[in-house]
Trainee: 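Mind having a look at this structure? Questions to follow.
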Amino acid sequence: MSVTLTVNGRRRTVAATASTQLLYVLRNDLELNAAKFGCGMAQCGACTVLVDGQPVRSCVTPIGTVKDAKITTLEGLDSGTSLHPLQKAFIAEQAAQCGYCIAGMLMTAKGLLDENPHPSESEIRLALAGNLCRCGTHNRIVRAIARAAKEMSP
């Protein structure tokens with residue numbers, strides 16, 4: 001069976017069943033490796049991508065449920081010629097240590113800023129509550145998101 005998905009603005013057809021988890025299709029079939037397998041139970045956030053602009057845990061999302069949606073991964077966040085302001089802010093604030101959680105953090109942050117372009121620190125922390133970072137760079141991550149929000153504001 002094949003399923004067609006719209007990922008990072010491109011229609012892609014993969015040989016998979018509708019029950020195949022989105023994370024496996026992204027990584028194994030489409031070679032988009034930013035989203036990571038962390039816990040496999042939607043509890044760590046390492047696999048977070050955007051589905052129609054909303055953060056979704058791809059490790060527990062069957063592709064049959066998102067075949068008509070617009071899926072965005074970290075690879076689709078930049079414009080192709082320059083980094084997204086969130087990516088620039090994460091670099092400036094040195095928010096990534098090992099980097100395993102960062103794609104999920106960035107995609108969660110993108111979902112937050114699209115919905116709330118001027119979040120308070122507590123709103124940022126609340127949005128990130130389900131994303132785990134074992135390296136302990138949460139404070140830098142929060143600063144990076146706040147920085148990006150300021151830079152993105154008109």
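Just so it is clear, the model here is predicted, and its values are computed rather than measured.
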Trainee: Does anything in residues 1-20 form a salt bridge (charged side-chain N to carboxylate O under 4.0 Å, His left out)? List the pairs, not counting sequence neighbours.
Mentor: none

Trainee: Is it the case that the side chain of Tyr100 and the backbone of Phe37 share a donor-acceptor pair, with hydrogens and angles ignored and the cut-off at 3.5 Å?
Mentor: yes

Trainee: Considering residues at least two apart in sequence or located in another chain, which fulfil the side-chain hydrogen bond (donor to acceptor under 3.5 Å, both in side chains) criterion with Thr72?
Mentor: none

Trainee: How long is the gap from CG on Leu5 to CD1 on Ile71, to the nearest 0.5 Å?
Mentor: 4.5 Å

Trainee: Not counting sequence neighbours, which residues clear side chain to side chain contact (heavy atoms under 4.5 Å, CB included) with Gln21? List them please.
Mentor: Tyr24, Pro62

Trainee: Taking side-chain hydrogen bond (donor to acceptor under 3.5 Å, both in side chains) as the test, write out the residues that go with Thr73, two or more places apart.
Mentor: Asn8, Glu75

Trainee: Roughly how far apart are Ile91 CD1 and Leu86 CG, rounded to 0.5 Å?
Mentor: 11.0 Å

Trainee: Under the rule for side-chain hydrogen bond (donor to acceptor under 3.5 Å, both in side chains), what residues qualify as partners of His138, not counting sequence neighbours?
Mentor: none

Trainee: To the nearest 0.5 Å, what is the distance between CD1 on Ile141 and SG on Cys135?
Mentor: 9.0 Å

Trainee: Would you mind listing every salt bridge (charged side-chain N to carboxylate O under 4.0 Å, His left out) that reaches into residues 106-126, with sequence neighbours excluded?
Mentor: Lys110-Asp114, Glu121-Arg125

Trainee: Measure from the side-chain N and O atoms of Ser58 to the backbone N and O of Leu22, and report whether any donor-acceptor pair falls under 3.5 Å.
Mentor: no

Trainee: Got a sec, which pairs hit salt bridge (charged side-chain N to carboxylate O under 4.0 Å, His left out) with one end in residues 142-153, sequence neighbours left out?
Mentor: Glu93-Arg143, Glu93-Arg147, Arg147-Glu151

Trainee: Could you state the interatomic distance from CG (Leu83) to CG (Leu77), rounded to the nearest 0.5 Å?
Mentor: 9.0 Å

Trainee: Applying side chain to side chain contact (heavy atoms under 4.5 Å, CB included), can you list everything that pairs with Cys44, at least two apart in sequence or on another chain?
Mentor: Cys39, Ala46, Leu132

Trainee: Distance check, rounded to the nearest 0.5 Å: Cys59 atom SG versus Leu26 atom CG?
Mentor: 11.5 Å

Trainee: Counting N and O atoms only, with roles assigned by atom type, does the side chain of Thr137 sit under 3.5 Å from a partner on the main chain of Ala95, one being a donor and the other an acceptor?
Mentor: yes

Trainee: So which pairs with a foot in residues 81-91 pass salt bridge (charged side-chain N to carboxylate O under 4.0 Å, His left out), sequence neighbours left out?
Mentor: none

Trainee: Spell out, yes or no, whether Leu113 and Leu106 are grouped together once hydrophobic residues are joined by side-chain heavy atoms under 4.5 Å, including indirect joins.
Mentor: yes

Trainee: Got a sec, which pairs hit side-chain hydrogen bond (donor to acceptor under 3.5 Å, both in side chains) with one end in residues 36-49, sequence neighbours left out?
Mentor: Thr48-Arg57

Trainee: Is a side-chain donor or acceptor of Asp52 paired with a backbone partner of Lys70 at a separation under 3.5 angstrom?
Mentor: yes

Trainee: Tell me every residue that passes side chain to side chain contact (heavy atoms under 4.5 Å, CB included) with Ala96, counting only those two or more places apart in sequence or in another chain.
Mentor: Ile102

Trainee: With rounding to the nearest 0.5 angstrom, report the CG to CE distance, Leu112 to Met107.
Mentor: 13.0 Å

Trainee: Can you list the residues that meet the side chain to side chain contact (heavy atoms under 4.5 Å, CB included) rule with Gln94, with sequence neighbours excluded?
Mentor: Arg140

